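Reading through the structure tokens given below for one structure.
Ligands are counted one by one from 1 in listed order, and the atoms in each one are counted from 1 as well. Both backbone and side-chain heavy atoms feed into the values below; hydrogens, waters and symmetry mates do not. Bear in mind the structure is a predicted one, so any value in this text is a computation, not a measurement.
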Amino acid sequence: MSRMFVPGPVDVADEVLAAQAKPMMPHRSKDFEAIFRRCDERLRQVFFTERPVYISTSSGSGLQEAGIRNFVNETVLSCVNGAFAKRWYDVAVANNKQADKLEVAWGEVITPDMLADALKAKHYEAVTIVHNETSTGAVNPVQELAKVAHEVSPDTLILVDAVSSLSGAKIEFDAWGLDWLLTSSQKCFALPPGLAFGAASERAMKKAETVKFRGWYFDLLLLEKHRAKDSTPMTPAMSLVWALDTQLDRILAEGIEARFARHSAMAKRTQDWASAQGMDPLAPAGYRSQTVSTIKNSRGMDIPGLNAFLKEHGLKIANGYGDLKDKTYRIAHMGEIQMTDVEKLLGLMDEFLKKM
Ligand SMILES: *Cc1c(COP(=O)(O)O)cnc(C)c1O
């Protein structure tokens, strides 16, 4: 079986791919609304929330934009420690918001002290944080960051991108006091690309009422009006919703905690292997992703050459992102990837290293 150890789009189970092949039905029909409702209900379990979860026909970046357009009038602080965190800052600037950066080097994380200092120095309506920075494999301590933000600046909303971690790592929307939490379909959920999911707190939705020019497509107040009737203002990507319906059954059948444990075990195995080979993960210990390992290429492997070798065995890993290309490589262990797949990959990488 072929396997892609890349951080999205990831392999999708045959059963989930097949679920898309159903004939169309009117999206404004009791049958479709029932499917839409049960997807929302089960997504709440994955988000650890009692709030509704919006199902958007867009990729995750669309919901980064939704967060900015709905919850920010003017000021936002973007925590930037990698490519996708930088994108959220760019989205804020592109929407004419006064965005400031709280920036650290790629591979590092934002600490609660840094955030506290920034929020003491200036008031912000919202903070954007990427939970799992896919470019570096570093995990920001979102729970601690939210806690300190609530203490220092209680009305600042906490907007979190968990595109490459949600459903592979535990993120508790309600318990952590988050205000916007978004993810995409094509990473840990192991669905085809094209859907994104987001939850908003009650106070965030109240705030949205005060924000002018929220746009139309991503206006959460409009989406909520229709969501309350198990529907959407526009036509949803129905085939993808059928795939989601099937995949949520599979995710909950595995057990959400068992799913997190599987990801965590694969990350530990991969990162221990890398360190034993003299190649440490880029992120500091304690802040390493359990869904994607970004590893320093300290032994100077030819990454395209490695991938050519892996391809003969139906496998593929990801090169480093942007400036980190060839200096790091990434092994994603998310979605459908199992420990046996990881063992096969690491065995082949051992072989490749021996031949160098
Ligand atoms: C992939 C990714 C994105 C972009 O998501 P799209 O679904 O491609 O729009 C944003 N943030 C993170 C952390 C990602 O990994």
Side-chain angles (χ1 to χ4, degrees), residues 4-12 43 47 53-69 78-95 103-104 106-110 127-142 145 158-169 171 178 180-199 217-218 236-237 240 243-244 247 263 267 282-283 287-294 317-322 324 328-335 337:
M4 296 190 295
F5 296 81
V6 301
V10 302
D11 294 309
V12 179
L43 280 168
F47 276 66
V53 178
Y54 300 97
I55 301 167
S56 168
T57 296
S58 69
S59 79
S61 303
L63 293 190
Q64 280 192 342
E65 185 144 287
I68 297 295
R69 295 206 65 132
S78 289
C79 298
V80 175
N81 63 328
F84 293 102
K86 168 67 167 44
R87 179 180 298 182
W88 213 349
Y89 167 80
D90 292 340
V91 166
V93 171
N95 280 288
E103 196 164 20
V104 295
W106 281 35
E108 298 298 316
V109 299
I110 307 292
V127 194
T128 68
I129 308 167
V130 168
H131 173 249
N132 189 81
E133 184 44 78
T134 318
S135 57
T136 67
V139 177
N140 278 312
V142 168
L145 293 172
I158 314 296
L159 317 184
V160 177
D161 165 328
V163 169
S164 60
S165 47
L166 209 138
S167 90
I171 303 167
L178 308 183
W180 179 235
L181 178 61
L182 70 101
T183 194
S184 302
S185 56
Q186 78 278 13
K187 298 190 185 176
C188 290
F189 275 84
L191 287 161
L195 290 182
F197 318 120
Y217 195 81
F218 292 116
L240 290 170
L244 170 64
Q247 182 64 334
H263 285 76
L282 180 65
Y287 299 95
R288 292 171 182 164
S289 169
Q290 66 180 49
T291 57
V292 55
S293 296
T294 299
I317 65 161
N319 204 332
Y321 192 101
L324 292 175
T328 65
Y329 59 93
R330 293 175 297 161
I331 299 176
H333 24 69
M334 58 173 71
I337 303 278

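For K187, every heavy-atom contact with ligand 1 shorter than 4.0 Å involves the side chain, none the backbone.
Side-chain contact between Y217 and T57 is present, with heavy atoms from C-beta onward closer than 4.5 Å.
Against a heavy-atom cut-off of under 4.0 Å, T134 is close to the following atoms of ligand 1: 12 (C), 13 (C), 14 (C), 15 (O). Less than 4.0 angstrom separates some heavy atom of G60 from each of these atoms of ligand 1: 6 (P), 7 (O), 9 (O). Listed by number with element, the atoms of ligand 1 under 4.0 angstrom from any heavy atom of Q186 are 6 (P), 7 (O), 8 (O). Contact atoms of ligand 1 toward R87: 4 (C) (distance under 4.0 Å to a heavy atom of the residue). Near N132, meaning under 4.0 Å from any of its heavy atoms, are these atoms of ligand 1: 13 (C). Below 4.0 Å from some heavy atom of S59 lie the following atoms of ligand 1, by number and element: 6 (P), 7 (O), 9 (O). Of all atoms in ligand 1, listed by their number and element, those nearer than 4.0 Å to a heavy atom of V130 are 13 (C). For ligand 1, the atoms sitting less than 4.0 Å from at least one non-hydrogen atom of S184 are 5 (O), 6 (P), 7 (O), numbered in the order shown with element in parentheses.
Distances shorter than 4.0 angstrom do not occur between any heavy atom of H131 and any atom of ligand 1. Not a single heavy atom of E133 sits under 4.0 Å from any atom of ligand 1.
Remark: S167 engages no residue in a side chain to side chain donor-acceptor pair (under 3.5 Å) (not counting sequence neighbours). Applying the side chain to side chain donor-acceptor pair (under 3.5 Å) test to Y287 and every residue at least two apart in sequence or in another chain returns nothing.
Taking the centre and axis of the six-membered ring of Y321, the NZ or CZ atom of K86 falls outside the cone set by 45° and 6.0 Å.
Looking at W88, its side chain does come within 3.5 Å of a backbone N or O of Q64 through a donor-acceptor pair. Side-chain atoms of E108 do not come within 3.5 Å of backbone N or O of N81 as any donor-acceptor pair. Of the possible donor and acceptor atoms, none in the side chain of S135 sits under 3.5 Å from a partner among the backbone N and O of G82. The closest donor-acceptor contact from the side chain of T294 to the backbone of R330 lies at 3.5 Å or more, if one exists at all.
Closest to atom 3 (C) of ligand 1 among all protein heavy atoms lies F84 CD2, 3.4 Å. What sits closest to atom 11 (N) of ligand 1 on the protein, heavy atoms only, is D161 OD2, 2.7 Å.
For F197 and F189, the distance between ring centers is under 6.0 angstrom.
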